[in-house]
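This report refers to the structure that appears directly beneath it.
Both ligands and their constituent atoms are indexed starting at 1 by order of listing. Numbering starts at 1 and runs along the sequence shown.
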Amino acid sequence: MHIRSAEFVVGAVDRGDLPADGLPEVALAGRSNVGKSSLINRLVQRRSLARTSSTPGKTQQLNYYRVENALYLVDLPGYGFVKGGMELRLALGRLVQGFLERRAELRAIIQLIDARHGPTDLDLAMIDWLKQHPKPFLLVFTKLDKLSRQQWRRRLDQLTAAGTLTGLAYLPFSAVTGEGRDEALEWIYQESGAKRPNYGKPA
Ligand SMILES: Nc1nc2c(ncn2[C@@H]2O[C@H](COP(=O)(O)OP(=O)(O)OP(=O)(O)O)[C@@H](O)[C@H]2O)c(=O)[nH]1
Ligand SMILES: [Mg+2]
């Protein structure tokens with residue numbers, strides 16, 4: 001699917017900043033530096049729409065990107081590098097927690113996990129949280145380009161053996177190669193119910 005328009009709309013720092021036009025929203029969650037902003041850029045095929053950084057923890061706001069005037073991708077602040085035993089609630093912060101629990105326009109959540117090391121304790125806490133809430137979610141294993149096929153296979157075997165993925169939707173992804181991009185976009189449109197682009201074709 002080709003995305004023709006995507007633009008940054010607002011960096012929300014409190015509830016009053018959230019868009020009020022009712023478009024469906026899909027949020028990207030995951031620890032700092034996991035690749036949330038890079039995933040957005042890859043989805044919309046722009047090199048630097050969402051600001052990426054090799055310094056983790058930069059984004060402390062809900063960054064809204066409007067895609068095709070049909071939906072918002074919401075880039076959430078990354079939760080910290082795990083300080084042992086830190087609670088998910090604290091790691092997410094009040095704004096994000098409230099957004100995930102109460103935002104009516106939020107239709108689905110994409111949880112990113114580093115394919116090389118994850119899931120961390122906070123990733124697992126986040127997965128548990130997602131399972132207990134009604135909104136659909138997708139686990140995206142990103143930075144896949146940093147693993148060999150064999151390493152990824154082994155990773156997947158471990159996760160399967162541990163039962164981590166049982167019954168869950170997941171997708172291998174790389175912002176560098178674009179692997180998984182079409183599938184992620186398809187999932188987003190499907191779960192958000194957003195109107196699909198229809199260029200030039202008769203309605
Ligand atoms: N090789 C590789 N590098 C990636 C990939 N995705 C992201 N990166 C790199 O990982 C670093 C962090 O990426 P970001 O997209 O800024 O991560 P983020 O999750 O938005 O981070 P915060 O905004 O701090 O929470 C950057 O240096 C990216 O270039 C990927 O799929 N493959
Ligand atoms: Mg980011």
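Contact atoms of ligand 1 toward K36: 15 (O), 17 (O), 18 (P), 19 (O), 20 (O), 21 (O), 22 (P), 25 (O) (distance under 4.0 Å to a heavy atom of the residue). Numbered from 1 in the order shown, with element, the atoms of ligand 1 that lie under 4.0 Å from a heavy atom of V176 read 1 (N), 2 (C), 30 (C), 31 (O), 32 (N). Short contacts between ligand 1 and T142, defined as distances under 4.0 Å to a heavy atom of the residue, involve ligand atoms 31 (O). Atoms of ligand 1 lying under 4.0 Å from at least one heavy atom of S174, given by number and element, are 31 (O). Residue G78 has at least one heavy-atom neighbour below 4.0 Å for each of these atoms of ligand 1: 25 (O).
Using a 4.0 Å cutoff on heavy atoms, G30 does not count as a contact of ligand 1.
Using a 4.5 Å heavy-atom threshold, the side chains of F173 and R42 count as touching. By the 4.5 Å heavy-atom criterion applied to side chains, F137 and K131 are counted as neighbours. Side chains of F141 and L165 form a contact here, defined as non-hydrogen atoms less than 4.5 Å apart. At a threshold of 4.5 Å between non-hydrogen side-chain atoms, the residues L76 and L100 count as touching. The shortest side-chain heavy-atom distance between Q111 and L168 does not fall under the 4.5 Å cut-off.
The nearest N, O or S atom of S37 is closer to the Mg ion (ligand 2) than 2.8 Å.
Every N/O-N/O distance between D75 and ligand 1 stays at or above 3.5 Å. Remark: ligand 1 and L76 share no N or O pair separated by less than 3.5 Å (distance only, no angle test). Residue contacts with ligand 1: K143 is placed with a nitrogen or oxygen under 3.5 Å of a nitrogen or oxygen of the ligand (distance criterion only).
Classification of D114 and R31 as a salt-bridged pair holds, one side-chain N sitting under 4.0 Å from a carboxylate O.
Both the backbone and the side chain of N33 come within 4.0 Å of ligand 1, counting heavy atoms alone.
There is a path of hydrophobic side-chain contacts, each under 4.5 Å, that joins I3 to L43.
Nearest-heavy-atom check against atom 20 (O) of ligand 1 across S37, A175, G180 picks out S37.
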Could you walk me through whether E186 and R196 pass salt bridge (Lys or Arg N to Asp or Glu O under 4.0 Å), step by step? CA-CA 10 Å; E186 179 57 34; R196 287 169 191 265; 3.1 Å; yes

